[in-house]
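In what follows, chains are A, B, ... by sequence order, proteins preceding strands, each numbered from 1.
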There are 2 protein chains.
Amino acid sequence: MTFSEENYLKTIYHLTSVSDADISTNAIAEKMETKASSVTDMLKKLSEKDLVNYVKYQGVSLTDKGKLAAKMIVRKHRLWECFLVEKLDFSWDEVHDIAEQLEHIKSEKLINKLDDFLGNPTEDPHGDPIPDANGRIIKVEKELLSEFEKNQIGICVGVKDTSSDFLKYLDKQEIALGSQIEIIEKESFDSSFRIRVGTKEITISNKIASNIYIK
Amino acid sequence: MTFSEENYLKTIYHLTSVSDADISTNAIAEKMETKASSVTDMLKKLSEKDLVNYVKYQGVSLTDKGKLAAKMIVRKHRLWECFLVEKLDFSWDEVHDIAEQLEHIKSEKLINKLDDFLGNPTEDPHGDPIPDANGRIIKVEKELLSEFEKNQIGICVGVKDTSSDFLKYLDKQEIALGSQIEIIEKESFDSSFRIRVGTKEITISNKIASNIYIK
DNA sequence: AATTAAATTTAGACAAAGCTAAAAATTATA
DNA sequence: TATAATTTTTAGCTTTGTCTAAATTTAATT
């Protein structure tokens with residue numbers, strides 16, 4: 001499997017986890033910052049290899065084979081992210097681009113040994129679940145902070161947006177995985193929140209609250 | 001720089017360290033298991049980028065820029081080999097192919113953090129020197145076991161051939177980096193050696209002796 | 001239902017990196 | 001030194017993954 005094929009599978013996998021319906025050519029093109037025509041070409045190729053169910057003009061979904069392959073890529077990506085943060089002391093906003101490269105290294109033995117070396121983590125540094133060697137995922141029920149109401153208290157267990165900018169913002173506000181967050185006030189006008197993080201009180205926009213997972 | 005360009009630079013670097021003279025197109029082709037015509041194409045490209053000095057029909061050498069780039073690839077390869085052996089518990093005959101992939105990961109920060117994580121090793125699991133972040137290499141004077149004479153004693157500090165087959169042979173004979181080796185007898189007929197490794201006495205061919213470095 | 005708009009696919013082109021086969025340059029040999 | 005052998009390069013083709021522009025299909029709107 002080529003890097004490019006792997007990237008397409010991964011993108012389809014991620015898009016599927018959001019919408020559930022078949023994925024459109026344009027959605028893939030947009031996410032991968034490429035052209036729809038390139039996507040069409042690749043979908044044909046992946047379909048040839050039985051990695052996706054593709055019907056012209058109707059969108060795609062992953063086959064079982066494709067889904068497993070995608071999960072293995074995600075597994076690698078997230079394990080490498082753990083390695084970078086826990087062993088090499090990277091911060092959580094720096095690891096994505098490097099993991100994008102490392103996820104394509106081909107060696108089952110390597111990834112399973114890495115998994116053991118890291119103590120078989122179930123979540124990456126952003127709170128996303130890590131598929132095991134068989135593709136199984138432990139799902140943690142979690143809610144967006146934006147769904148919470150006044151006086152509720154929760155623990156930050158993940159982020160939806162994993163962009164460097166967003167993560168740096170969270171660092172600045174001292175919000176990290178494990179932080180306790182209490183809703184002090186929910187402003188009805190703009191749906192912004194007044195929250196307590198640790199001892200500090202801060203105000204965050206609804207957009208921010210919509211990208212933080214709480215349990 | 002593409003993977004392919006990096007592989008060519010690395011190959012030229014390795015060939016240079018053996019012969020010193022300009023490297024021929026065919027020598028590169030043979031080492032890389034590719035065709036001479038493909039090599040010519042790539043040499044033009046590398047020459048364009050000022051990574052090699054290339055004169056048609058006359059062979060190539062690395063420019064300073066090319067040599068530094070090559071050293072950085074070798075640095076990455078050897079640091080990853082250390083990681084695989086020391087942290088992930090791979091044996092020394094398993095790491096080459098995986099390191100061939102890992103050496104192309106692009107992130108200076110990653111490789112320098114990995115270097116620190118490993119305790120800034122100066123040699124890889126085969127006894128080969130690891131260039132530092134500036135490309136400097138600590139050379140250890142070492143000799144081939146085949147050059148040794150009767151009754152001399154030395155420590156195995158490296159191997160010339162790093163193929164899996166050879167390394168597995170050494171494992172079987174319980175020869176490892178750091179093993180003490182004593183020449184008991186040198187057979188003049190076929191230049192084979194009777195040696196003592198630790199407590200055991202074994203006979204090795206000249207070919208084997210010509211691939212073990214001793215200090 | 002017809003027409004317009006949007007999404008998707010096809011056709012044809014390009015760059016990278018490889019190949020084969022033929023041509024050219026270099027080296028070796030008679 | 002002329003010829004043969006070897007090495008190297010060139011020319012042209014292939015594949016992968018991309019692109020643009022045109023054609024087609026589907027969806028939306030009047």
Side-chain angles (χ1 to χ4, degrees), chain A residues 1-13 15-16 18-62 66 69-70 73 100-101 103-106, chain B residues 1-13 15-16 18-62 66 69-70 73 100-101 103-106:
Chain A
M1 189 136 46
T2 66
F3 283 25
S4 192
E5 289 173 335
E6 291 189 340
N7 285 332
Y8 275 93
L9 283 185
K10 193 182 51 160
T11 299
I12 297 168
Y13 177 79
L15 289 172
T16 302
V18 177
S19 80
D20 221 27
D22 277 15
I23 307 302
S24 75
T25 302
N26 264 2
I28 298 168
E30 195 182 350
K31 186 117 181 191
M32 298 188 71
E33 295 180 22
T34 182
K35 301 292 160 172
S37 54
S38 308
V39 175
T40 301
D41 287 345
M42 183 54 87
L43 293 183
K44 283 183 196 163
K45 195 175 162 197
L46 294 174
S47 183
E48 262 323 291
K49 295 189 174 189
D50 262 316
L51 293 162
V52 300
N53 304 115
Y54 170 56
V55 184
K56 260 194 196 181
Y57 294 103
Q58 305 297 298
V60 270
S61 60
L62 293 171
I73 300 160
E100 288 280 292
Q101 298 180 62
E103 74 190 5
H104 299 295
I105 301 294
K106 277 149 193 73
Chain B
M1 189 136 45
T2 66
F3 281 25
S4 192
E5 288 173 337
E6 291 190 341
N7 284 333
Y8 275 93
L9 283 185
K10 194 182 51 161
T11 299
I12 297 168
Y13 177 78
L15 289 171
T16 301
V18 177
S19 80
D20 220 27
D22 276 15
I23 307 302
S24 75
T25 301
N26 265 1
I28 297 168
E30 195 181 352
K31 187 118 182 190
M32 298 189 71
E33 295 179 20
T34 183
K35 302 291 160 172
S37 54
S38 307
V39 175
T40 301
D41 287 346
M42 183 55 87
L43 293 183
K44 283 183 196 163
K45 195 175 161 195
L46 294 174
S47 183
E48 261 324 292
K49 296 188 174 190
D50 263 317
L51 293 162
V52 300
N53 303 117
Y54 170 56
V55 183
K56 261 195 195 182
Y57 294 104
Q58 305 300 300
V60 270
S61 60
L62 295 172
I73 300 160
E100 288 280 293
Q101 298 181 62
E103 74 191 5
H104 299 295
I105 301 293
K106 276 148 194 76

- Under 4.0 Å: is that the gap between some side-chain N or O of A:Tyr54 and OP1 or OP2 of C:dT9? yes
- Contact class for B:Tyr8 (heavy atom, under 4.0 Å): base, sugar-phosphate, or nothing? sugar-phosphate
- Message: Using modelled atom types and a 3.5 Å cut-off, is there a donor and acceptor pairing between side-chain atoms of B:Lys56 and backbone atoms of B:Tyr54?
- Response: no
- Query: Whole Å only: how far is the CE atom of A:Met42 from the C1' atom of C:dT8?
  - Reply: 17 Å
- Message: What is the distance, to the nearest angstrom, from the CG atom on B:Leu43 to the C1' atom on D:dT10?
- Response: 14 Å
- Item | Length of the CG-C1' vector between A:Asn26 and D:dT24, whole Å | 15 Å
- All heavy atoms of B:Tyr13 vs all of B:Ala70, minimum pair found to be CB-CB, 3.6 Å
- Message: Rounded to whole Å, please give me the gap between CD in A:Gln58 and C1' in C:dA7.
- Response: 11 Å
- Testing D:dC19, C:dG18, C:dA16 for proximity to the side chain of B:Thr2, the answer is C:dA16
- Message: Please report the distance, rounded to the nearest Å, between CG in B:Asp41 and C1' in C:dA16.
- Response: 10 Å
- Side-chain contact test, heavy atoms from C-beta onward, threshold under 4.5 Å: evaluate it for B:Leu15 versus B:Lys31 and give yes or no. yes
- Query: What is the nucleic acid contact for B:Ser37, judged by heavy atoms within less than 4.0 Å: base, sugar-phosphate only, or nothing?
  - Reply: base
- Task: Scan A:Thr25 against the nucleic acid and name what it touches under 4.0 Å (heavy atoms): base, sugar-phosphate only, or nothing.
- Result: sugar-phosphate
- Task: Take atom NZ of A:Lys56 and atom P of D:dA23, then tell me their distance rounded to the nearest Å.
- Result: 16 Å
- Message: Using a 4.0 Å heavy-atom cut-off, does A:Ser38 contact any base of the nucleic acid, only the sugar-phosphate backbone, or nothing at all?
- Response: base
- Message: What is the separation between atom NZ on B:Lys35 and atom P on D:dT15, rounded to the nearest whole Å?
- Response: 17 Å
- Query: Just to confirm, is there a sub-4.0 Å distance from OP1 or OP2 of D:dT16 to any side-chain nitrogen or oxygen of A:Ser4?
  - Reply: no
- Between atom CG of A:Leu9 and atom CG of A:Leu62, what is the distance when rounded to the nearest 0.5 Å? 6.5 Å
- Item | Considering all heavy atoms, the nearest A:Gln101-B:His104 contact | OE1-O, 4.2 Å
- Message: What contact category does A:Phe3 fall into here, base, sugar-phosphate, or nothing, at under 4.0 angstrom with non-hydrogen atoms?
- Response: nothing
- Atom-pair distance (NZ on A:Lys44; P on C:dT8), nearest Å: 14 Å
- Query: For the side chain of A:Thr34, counting heavy atoms from C-beta on, which of D:dT9, C:dT10, D:dT18 is nearest?
  - Reply: D:dT18
